[in-house]
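Before any comments, here is the structure.
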Amino acid sequence: MTLGNHSTITEFILLGLSTDPKTQGLLFVLFLGIYFMTIMGNLMMLVLIRVDSHLHSPMYFFLSHLSFIDLCLSSVTVPKMLETLLSQRKSVSVEGCLAQVFLLFVTLGTEVCLLSVMAYDRYTAICHPLLYGQIMSKQLCGGLVWTSWGVGSLDALINTLLAANLDFCEVHLMSHFTCELPSLFPLSCSEVTTNFIVLICSAILHSLGTLILIVFSYAHIISSILSIRSTTGRSKAFSTCSSHLIVLCFFYGTTSLRYFMPSSGSSLELVFSVQYSVVTPLVNPLVYSLKNKEVKTALKRVLQKGLHLS
């Protein structure tokens with residue numbers, strides 16, 4: 001198939017994180033271990049929230065969906081990375097690359113929305129504790145989760161459909177371990193100005209909308225915590241949202257930097273991509289299990305029941 005004087009390509013070659021065989025072997029072992037721990041950690045959170053009735057609250061309902069999204073996000077990127085580290089021919093078809101772009105957009109967009117929803121949940125719990133059960137009803141919680149998935153999917157659909165109209169010629173080496181939309185633009189022989197503008201606008205609208213809700217929530221949370229007179233009360237109130245703050249800063253910062261910075265194939269881009277797509281899905285269940293007393297107590301209860309049954 002040809003386009004003018006150019007030969008239209010049908011696949012990309014992923015250059016990955018390293019070209020040294022020994023380094024690739026070490027990275028394979030490292031990321032396989034991270035992926036295994038990510039799967040186990042998030043599955044543990046999902047099962048624990050499901051079976052322990054003490055965790056049947058809006059906060060843990062959202063946390064279970066966060067764990068599911070992290071499972072999806074990690075599974076979109078890491079298996080292909082592991083394959084690339086082992087195989088001699090590190091290729092991916094254009095269609096497969098676009099499919100990965102779409103799934104990556106869906107999971108990232110949904111997670112950003114869900115993190116902002118969790119900030120609103122913490123605001124309601126701390127600032128309006130007496131009305132918390134009425135405000136955060138099952139209908140509202142379900143609606144907020146489905147809205148998060150809907151916004152993430154719509155954002156992904158618009159950007160991926162535009163990318164599907166691009167032509168890719170001659171240049172087929174991608175300085176990355178996965179297919180991300182910013183990395184596709186330099187490989188296209190089509191005009192990408194419209195795609196770039198749509199990507200930036202959707203990223204700004206998406207991030208700005210969620211950021212407004214997050215800032216609003218935490219401004220009121222901090223104000224409410226500071227108004228509490230007792231040190232114990234302030235500490236207890238802060239502990240209910242400290243885990244979410246850590247996850248929020250860790251994920252939101254690296255994702256925004258990756259998608260707002262111009263693609264140049266630099267090692268910094270790879271670091272940001274590894275952090276939000278590989279490390280963050282592992283960190284989330286660790287943060288919520290290690291810092292959350294209710295989760296640790298629930299885990300002990302489930303383990304004790306399992307021992308009694310055996």
Side-chain angles (χ1 to χ4, degrees), residues 41-42 44-50 52-73 107-152 206-228 233-253 255 280-281 283-298:
N42 285 291
M44 181 203 73
M45 293 299 298
L46 283 169
V47 172
L48 194 61
I49 292 169
R50 177 74 176 178
D52 194 287
S53 59
H54 295 84
L55 300 183
H56 292 176
S57 65
M59 174 183 172
Y60 294 105
F61 172 75
F62 295 132
L63 181 55
S64 67
H65 281 274
L66 180 66
S67 294
F68 177 72
I69 293 171
D70 282 333
L71 277 174
C72 296
L73 175 58
T107 50
L108 290 176
T110 304
E111 181 151 348
V112 169
C113 289
L114 190 59
L115 287 171
S116 67
V117 167
M118 292 174 74
Y120 177 72
D121 172 70
R122 293 299 81 210
Y123 153 74
T124 307
I126 293 173
C127 299
H128 304 286
L130 299 178
L131 299 174
Y132 179 66
Q134 296 177 8
I135 297 174
M136 302 304 294
S137 62
K138 287 185 178 180
Q139 293 81 2
L140 179 62
C141 292
L144 290 172
V145 167
W146 283 113
T147 300
S148 298
W149 278 103
V151 171
H206 204 134
S207 59
L208 187 61
T210 54
L211 188 61
I212 288 173
L213 183 57
I214 290 167
V215 171
F216 168 84
S217 299
Y218 273 102
H220 284 79
I221 287 172
I222 293 170
S223 177
S224 295
I225 290 176
L226 292 177
S227 66
I228 299 174
R234 284 198 298 268
S235 177
K236 186 177 180 180
F238 181 74
S239 66
T240 63
C241 55
S242 60
S243 298
H244 178 258
L245 266 176
I246 294 171
V247 170
L248 187 65
C249 294
F250 200 74
F251 175 81
Y252 209 95
T255 307
T280 299
V283 169
N284 288 355
L286 289 176
V287 168
Y288 276 104
S289 60
L290 294 176
K291 287 184 64 62
N292 193 301
K293 291 182 180 179
E294 289 182 332
V295 171
K296 288 188 285 187
T297 304

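- Atom CE in M45 sits 9.5 Å away from atom CG in N284 (nearest 0.5 Å).
- Pairs of residues two or more places apart, or lying in two chains, that qualify as salt bridge (Lys or Arg N to Asp or Glu O under 4.0 Å) and include a residue from residues 52-73 are D52-R301.
- Heavy-atom minimum distance, R50 versus H56: O-NE2, 3.1 Å.
- Residues C72 and T107 approach most closely at CB-CG2, 3.7 Å, considering heavy atoms.
- Of the inter-residue distances, the one linking L46 atom CG with L71 atom CG reads 6.0 Å to the nearest 0.5 angstrom.
- Counting heavy atoms from C-beta outward, T210 and H206 have side chains that approach closer than 4.5 Å.
- Residues satisfying the side-chain hydrogen bond (donor to acceptor under 3.5 Å, both in side chains) criterion with H65, sequence neighbours excluded, are absent altogether.
- Side chains of L108 and L73 form a contact here, defined as non-hydrogen atoms less than 4.5 Å apart.
- Summarising the geometry of S116 relative to C113, their closest heavy-atom pair is OG-O, 2.6 Å, with the distance given to 0.1 Å.
- The two residues L66 and L114 have their closest heavy-atom pair at N-CD2, 3.4 Å.
- Residues satisfying the ring-ring contact (aromatic ring centres under 6.0 Å, His included) criterion with F68, sequence neighbours excluded, are absent altogether.
- Taking CE from M118 and CD1 from I214, the interatomic distance works out to 11.0 Å, rounded to the nearest 0.5 Å.
- Pairs engaging residues 212-223 under the side chain to side chain donor-acceptor pair (under 3.5 Å) rule: Y218-H244 [sequence neighbours left out].
- Under the side-chain hydrogen bond (donor to acceptor under 3.5 Å, both in side chains) criterion, S64 pairs with no residue, sequence neighbours left out.
- Judged as a side-chain contact (heavy atoms from CB on, under 4.5 Å), and not counting sequence neighbours, the contacts of T110 are I69, V106, S148, W149.
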Below 3.5 Å, can you tabulate the donor-acceptor pairs from side chains in residues 124-141 to any protein atom, sequence neighbours excluded?
unit_1: T124; atom_1: OG1; unit_2: Y120; atom_2: O; d: 2.9
unit_1: H128; atom_1: NE2; unit_2: Y123; atom_2: OH; d: 3.1
unit_1: Y132; atom_1: OH; unit_2: D121; atom_2: OD1; d: 2.6
unit_1: S137; atom_1: OG; unit_2: L140; atom_2: N; d: 3.3

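- When each of V47, I49, N42, L48 is paired with S67, the side-chain contact (heavy atoms from CB on, under 4.5 Å) condition holds for N42 and for no other.
- Listed by chain and number, the residues in a side-chain contact (heavy atoms from CB on, under 4.5 Å) with I222 are L226 (sequence neighbours excluded).
- With sequence neighbours excluded, the residues satisfying side-chain contact (heavy atoms from CB on, under 4.5 Å) with L211 are V215, Y252.
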